[in-house]
Colleague: 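Here you go, one structure.
Chain naming here is simple, since letters A, B, ... match the order of the sequence lines and numbering starts at 1 in each.
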Amino acid sequence: MIFLSDVRKSYATNHGAFEVLSGVNLTIHPGEKIGILGKNGAGKSTLVRLLSGAERPSGGAVIRKMSVSWPIAFGGAFQTTLTGMDNVRFICRVYNRDEANARSYVDSLAELGRFLDEPVRTYSSGMRARLAFALSMLVEFDCFLIDEVVAVGDLRFHQKCEAELFEKRKDRAMVIVSHNEAYIKSHCTRCAVLSNGVLTAYENVDEALFYYQNING
Amino acid sequence: MSINETAHSNIYLRSSINVQRRVVFALLMREILTRYGRHNIGFLWLFIEPMVFTIGITVLWTVTRTVHGSSIPITAFAVTGYSSVLLWRNMPSRTILSIIPNLSLMYHRNVRPIDVFLSRLILEAAGATTSFIVLSLLFNFVGWMDPPQDILMVLLGWGLLAWFGSALAICLGALSELSEIVDKIWHPIAYLLFPLSGAAFSVDLLPPAGREFLLYFPMVNGVEIVREGYFGSNYTAHYDLGYTAAFCLVLSLCGLAFERHMSAKVTPE
């Protein structure tokens, strides 16, 4: 389980403190898939970073009783001057995974072939997305944090993501951040809407979508 | 605390230490690759770079016959002095503004600013130490330098210098993320501290008032201890071990406090 209790987060700006989250409460149970909806700048990525522990809340508490992935977004978290394989080794070292098997596993998912030994800066955005995804599947977590999965990649890659996440790891909890309502609807068991720093959770995805459309309209 | 809780917290502590060890190692390997690459002599630059510096200074001081005012051979004087400066002075230069280029790694919960600092400090210490050892062996082999008289004493002085450098580096590394001034002002300060570092002179030569003033600087104490270990009775060293250790301890605590304050503000890209 993961508990968010009255979580607040504010950032210093040139015009004083800016509160992104003002008292967010959420409980994530094992195995459940929660969609997070919110407009641009509503604080979805901030929420995900707080869940992952990459950032600390300004107030309130984040309690993790299960292992939580880093935010799986298909861009960042690389050292681009290093090769794909260097990045694989880094993840293996940090998360205590066997390096010997990692190469073939990543290669089977990312299909980068000999480019795995080239610097990441030479990769196309699709190749980076595939590597990022393969890296995050290298470590098994109880809860995966998924930020805008459907944004990149071709159909084949999309199908691989679906199989890895929603078939092979269907027993895991997932927090899915997306603007794509159809995607949330087809994958999530419940849904929460982030607006004005407050998270409103709905047991029913349709209800959340209805509320989201109203605040958007 | 009950026995059960103590056992529990021991397990937590041990697994935390394991996580930190893995993260620091991962960052270290990554740092070697980004800094030195895989081409030509690669990570050998780690100690060849400080070696080249020290050899340059040794040659310069020998040629100009810089007066250092003791009967110690100039080569040995330069090697002990300049290696010591490189050890502590390069450490802050490596930690200042080291977090921003590593922000994308902070996506991983267990990768924290202190790990970036530690990995860079270990590399820096390893480079300076290897350079010092290789040069001592080399000059000893060609007969320009005698082996140290008291290796433990040399180690003590060297260890204190590394401690001072690390503590200073963690302080400045943490503060540099909070204010740009730290980076701007460190370069002139590092330059100006050289004459006060004890590398280019012997404290014994100074009048008592000057000695007293200089011994407020922990690095002067460190170099003096290294030289006492190296030259033994041929050298009159002045230092205050208790003061130096206390200074380093307080500086370390300040550094950890600054790091804690700074790391709470870190936002991954």
Side-chain angles (χ1 to χ4, degrees), chain A residues 9-13 17-18 20 43 45-46 48-59 62 64 67-73 75-83 85-97 99 117-121 128 132 135-136 138-139 141 143 145 147, chain B residues 8 12 14-39 42-43 98-116 118-120 122-123 174 177-180 259-269:
Chain A
K9 182 72 188 178
S10 50
Y11 293 104
T13 68
F18 175 71
V20 183
S45 297
T46 301
V48 166
R49 286 199 300 263
L50 287 167
L51 278 170
S52 78
E55 265 185 74
R56 310 282 156 91
S58 316
V62 180
R64 283 177 224 90
S67 65
V68 184
S69 78
W70 68 89
I72 302 173
F78 290 126
Q79 187 64 24
T80 52
T81 53
L82 297 181
T83 69
M85 200 49 214
D86 289 332
N87 281 283
V88 173
R89 281 190 208 101
F90 182 79
I91 296 292
C92 287
R93 285 171 186 145
V94 169
Y95 290 94
N96 205 17
R97 285 296 169 282
E99 284 178 46
D117 294 314
E118 297 296 321
V120 173
R121 69 180 144 76
R128 285 180 195 212
L135 278 179
S136 45
L138 204 52
V139 189
F141 294 102
C143 177
L145 305 174
D147 201 344
Chain B
H8 238 103
Y12 279 127
R14 204 172 311 154
S15 78
S16 297
I17 289 172
N18 275 333
V19 169
Q20 183 143 34
R21 194 178 45 76
R22 283 204 315 267
V23 169
V24 170
F25 177 70
L27 287 168
L28 201 114
M29 297 306 285
R30 193 185 138 277
E31 183 69 15
I32 290 175
L33 279 178
T34 41
R35 248 175 98 182
Y36 306 106
R38 288 203 169 76
H39 305 295
F43 86 99
S98 60
I99 301 305
I100 289 171
N102 286 306
L103 269 186
S104 65
L105 303 177
M106 309 278 160
Y107 264 116
H108 304 288
R109 179 170 53 251
N110 291 326
V111 180
R112 305 297 304 164
I114 191 74
D115 303 312
V116 173
L118 287 178
S119 63
R120 291 189 169 205
I122 290 171
L123 266 190
E177 303 296 326
L178 303 171
S179 166
E180 292 164 6
E259 191 276 338
R260 195 183 163 92
H261 176 68
M262 178 270 288
S263 71
K265 295 187 170 189
V266 162
T267 311
E269 281 174 335

Colleague: Below 4.5 Å from any heavy atom of chain B, which atoms of A/Asp86 appear? Answer side chain, backbone, both or neither.
Modeller: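 It is the side chain, since no backbone atom gets that close.
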Colleague: Report the distance from atom CZ of B/Arg21 to atom OG of B/Ser16, rounding to the nearest 0.5 Å.
Modeller: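 It is 12.5 Å, given to the nearest 0.5 Å.
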Colleague: With a 4.5 angstrom heavy-atom cut-off, which part of A/Thr83 approaches chain B: side chain, backbone, both or neither?
Modeller: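 A/Thr83 touches chain B through side-chain heavy atoms alone.
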Colleague: Under 4.5 Å from any heavy atom of chain B, what part of A/Tyr11 do you find: side chain, backbone, both or neither?
Modeller: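 Contact with chain B: side chain only.
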Colleague: Examine whether an atom of B/Leu27 lies under 4.5 Å from a heavy atom of chain A, and if so say whether it belongs to the side chain, the backbone or both; otherwise answer neither.
Modeller: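 For B/Leu27, backbone and side chain are both near chain A.
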Colleague: Side chains of B/Arg35 and B/Phe43: closer than 4.5 Å at any heavy-atom pair?
Modeller: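 Result no, sub-4.5 Å side-chain heavy-atom pair not found.
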Colleague: With rounding to the nearest 0.5 Å, note down the distance linking CD in B/Glu177 to NZ in B/Lys265.
Modeller: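 Those atoms lie 12.0 Å apart.
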Colleague: Is the shortest side-chain heavy-atom distance between A/Leu82 and B/Arg30 below 4.5 Å?
Modeller: yes
Colleague: State the CD1-CG distance between A/Ile72 and A/Leu145, to the nearest 0.5 angstrom.
Modeller: 7.0 Å
Colleague: Relative to chain A, which segment of B/Arg112 carries a heavy atom at a distance below 4.5 Å: side chain, backbone, both, or neither?
Modeller: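 The side chain, not the backbone.
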